[in-house]
Amino acid sequence: MTDASLNPTPGLPKSPSFYGFSRGRLADRFGELGVPRYRADQVFSWVYQKRMRDALQMTNLPAALRSQLTSLCDLALPGTPKVFASSDGMTHKFVLDLQDGARVEAVSMRTEKRLTLCVSSQVGCALKCSFCATGLMGLKRNLRAEEIVAQVIAMGDYNDWQDERFNIVFMGMGEPLANLDAVCEAVRILHDERGLNLGARRITVSTSGLVPQIRELAKLDLQVGLAVSLHATTDELRDQLVPVNKRWPIAELLDAAREYGNTVGRRTTLEYTLLGGVNDSMADADRLAKFARALPSKVNLIPYNPVPGLQWKRPTPEAVEAFAQRLYPHAPAVTIRDTKGGDLWAACGQLGGLSPS
Ligand code: SAH
Ligand code: SF4
């Protein structure tokens, strides 16, 4: 079949989503139908760079391909976004209703310096960290690559794509390394020079500690940043807070993080959610500093964000500051994560179907 000889095939099942195709796979699909592979480059540029979703207006494509494109791949976003703004207008929570009725949440956070898009990798999560709203839901299902890419597109659309440079963090719902294939495919699509051309250095994947998958990710050479959700400095406490620690304890996790950092040449972020009276003692700070020094890393402190039904306490600002001060002289880089979107149930660990008021 040639480029011009595409035939409409009435009654075909709904076509797969465009947003799940890497450029290579789209070219393969075109190739099977006799459409030259370079047409995939053109379609990618139209959609991701010129923000064009109407195939009929893709003027450099032959008329036959224009009229057939949506039956080869669906250009509509897989899911309808609803948007909720925080009171200061800097944070937005996006709720995407997916085709099977599943709901996925994503959050955009603006600071003076940059826009950060926090995306989800699963609906719910199986890992049941003891302070996380997503964990309370249990795992509903993995997201497909197109459903991950769609979160970014929905947030970019909402911001009118005014920010050419933004960061993506896989810190929404779910454990990204438990859905590695779809997450990596989404990263490749977002990274593509004919796609959003988003540098791998602008993408960070956060894990609660799936050691074999950290090693697998290193082999894939995607160069994305790694954040490790540490949250405790002894295995005894981490076993309780992050149950996956029973399978891969702290020493193994930090070994894998070190190897990952060496392979991609990037510092690992150690995330540490501060729970008042639980993991915020000076002895914890000292042990955390030791871990942080032992590998190229930066430490990100996250004061606990309340989750209804859970009894943990957020430490006072003074206690957070005291913990950070204890770390500063000894740890390579320490930041305290501002609470973004608390009034939207959109802060870290609060994504779990909780409604904005
Ligand atoms: N599943 C991944 C990424 C999503 S959560 C992971 O666990 O790393 C993003 C970060 O928020 C993680 O470090 C997570 O442990 C933390 N977190 C979860 N619940 C929280 C809460 N209630 N308050 C503060 N941080 C929380
Ligand atoms: Fe899952 Fe991360 Fe929540 Fe743990 S913190 S339950 S891994 S989403």
Side-chain angles (χ1 to χ4, degrees), residues 104-107 109 116-143 148 151 167-180 183 203-211 213-214 217 224-232 237-248 253 256-257 260 268-276 278-280 288 297-315 320 323 335-342 344-354:
V104 64
E105 300 173 14
V107 181
M109 293 161 287
T116 300
L117 306 180
C118 176
V119 298
S120 295
S121 53
Q122 299 181 308
V123 184
C125 181
L127 297 181
K128 303 208 177 309
C129 300
S130 60
F131 42 78
C132 172
T134 313
L136 288 179
M137 293 172 69
L139 177 65
K140 306 279 187 246
R141 71 168 172 87
N142 278 338
L143 291 177
I148 297 172
Q151 296 171 56
N167 294 329
I168 293 187
V169 292
F170 280 86
M171 294 184 186
M173 298 166 83
E175 165 55 52
L177 297 191
N179 186 17
L180 192 61
V183 165
I203 303 177
T204 299
V205 170
S206 172
T207 180
S208 57
L210 303 187
V211 165
Q213 285 84 346
I214 294 174
L217 186 64
V224 293
L226 183 71
V228 165
S229 293
L230 194 60
H231 308 320
L237 181 60
R238 196 165 189 271
D239 280 353
Q240 292 170 40
L241 299 180
V242 184
V244 76
N245 192 69
K246 293 180 194 145
R247 182 72 183 80
W248 294 289
L253 173 57
Y260 185 87
T268 302
T269 302
L270 296 179
E271 296 170 281
Y272 196 89
T273 294
L274 284 163
L275 304 165
V278 175
N279 64 357
D280 61 346
L288 179 57
S297 69
K298 42 194 172 179
V299 176
N300 197 198
L301 300 175
I302 318 170
Y304 168 66
N305 295 306
V307 175
L310 299 183
Q311 303 307 319
W312 307 104
K313 290 199 173 43
R314 187 185 179 96
V320 174
F323 193 90
T335 49
I336 300 172
R337 195 178 297 171
D338 291 348
T339 300
K340 301 274 175 212
L344 284 175
W345 296 110
C348 292
Q350 290 186 323
L351 299 183
L354 304 166

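Note: hydrogens, waters and symmetry copies are ignored here, and every other heavy atom, side chains too, is used. Indexing begins at 1, ligand by ligand and atom by atom, following the structure's order.
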Around [atom], find the nearest protein heavy atom and jot down its residue, atom name and distance.
atom	value
atom 21 (C) of ligand 1	C348 O, 3.4 Å
atom 23 (N) of ligand 1	N305 N, 2.9 Å
atom 12 (C) of ligand 1	S229 OG, 3.2 Å
atom 3 (Fe) of ligand 2	C132 SG, 2.3 Å
atom 19 (N) of ligand 1	G349 CA, 3.0 Å
atom 5 (S) of ligand 1	M171 O, 3.9 Å

For ligand 2, which atoms have a heavy atom of [X] less than 4.0 angstrom away?
X	result
K128	6 (S)
G135	6 (S)
S208	7 (S)

With a cut-off of 4.0 Å, which atoms of ligand 1 are near a heavy atom of [X]?
X	value
G174	1 (N), 2 (C), 3 (C), 4 (C)
G172	4 (C)
S208	6 (C), 7 (O), 8 (O)
I302	24 (C), 25 (N)
T207	6 (C), 8 (O)
V307	22 (N)

> Should the pair W312 and F131 be assigned to parallel (<30°), tilted (30 to 60°) or perpendicular (>60°) ring geometry?
Replying inline: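 Geometry flag for F131 against W312: perpendicular rings.
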Could you tell me whether a side-chain N or O of [X] sits under 3.5 Å from a main-chain N or O of [Y], the two making a donor and an acceptor?
X	Y	value
R238	L230	yes
K128	C125	no
Y272	N279	yes

Euclidean distance, [Y] [atom2] relative to [X] [atom1], rounded to 0.5 Å:
X	Y	atom1	atom2	value
H231	I302	NE2	CD1	6.0 Å
L275	R314	CG	CZ	11.0 Å
L139	M173	CG	CE	10.0 Å
E105	S120	CD	OG	7.0 Å

Relative to ligand 1, is [X] under 4.0 angstrom through side chain, backbone, both or neither, heavy atoms considered?
X	result
E271	side chain
T273	side chain
H231	side chain
L127	neither

>> With the threshold set at under 4.0 angstrom, would you say G174 reaches ligand 2 through any of its heavy atoms?
In response: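 Right, G174 reaches ligand 2.
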Taking the side chain as every heavy atom from C-beta outward, state whether [X] and [Y] have any atom pair closer than 4.5 Å.
X	Y	value
L143	Q151	yes
V242	W248	no
S121	E175	no

> Given Q122 and N179, is the side chain to side chain donor-acceptor pair (under 3.5 Å) satisfied, shown in steps?
Replying inline: CA-CA 7 Å; Q122 299 181 308; N179 186 17; over 6 Å; no
> Nearest non-hydrogen atom to atom 2 (C) of ligand 1 belongs to which of A133, S120, S121, S206?
Replying inline: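 It is S206 that holds the nearest heavy atom.
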> Which pair of non-hydrogen atoms, one from L310 and one from Y304, has the smallest distance, and what is that distance?
Replying inline: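 Shortest heavy-atom separation between L310 and Y304 comes out as CB-OH, 3.7 Å.
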>> Please find the pair of heavy atoms, one from S229 and one from S208, that lie closest to each other, and give the distance.
In response: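 Heavy-atom minimum between the residues: CB-CA, 4.0 Å.
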Checking the N or O distance criterion of under 3.5 Å, is ligand 1 in contact with [X]?
X	answer
F170	no
Y304	no
R337	no
F131	yes

>> I'd like to know if atom 1 (Fe) of ligand 2 has an N/O/S atom from C125 within less than 2.8 Å of it, counting both backbone and side-chain atoms.
In response: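 It does: C125 brings an N, O or S atom closer than 2.8 Å to atom 1 (Fe) of ligand 2.
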>> Under 2.8 Å from atom 4 (Fe) of ligand 2, can any N, O or S atom of C129 be found?
In response: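 Checking C129: at least one N, O or S atom is under 2.8 Å.
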>> With a heavy-atom distance limit of 4.0 Å, tell me whether M173 approaches ligand 2 through its side chain, its backbone, both, or neither.
In response: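 Neither; nothing of M173 gets under 4.0 Å from ligand 2.
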Any chance the side chains of [X] and [Y] put a donor and an acceptor closer than 3.5 Å?
X	Y	value
Q213	T207	no
E271	S206	yes
N300	T269	no

>> Just to check, does A227 reach to within less than 4.0 Å of ligand 1 when the distance is taken from its heavy atoms?
In response: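 The answer is no, since A227 has no heavy atom less than 4.0 Å from ligand 1.
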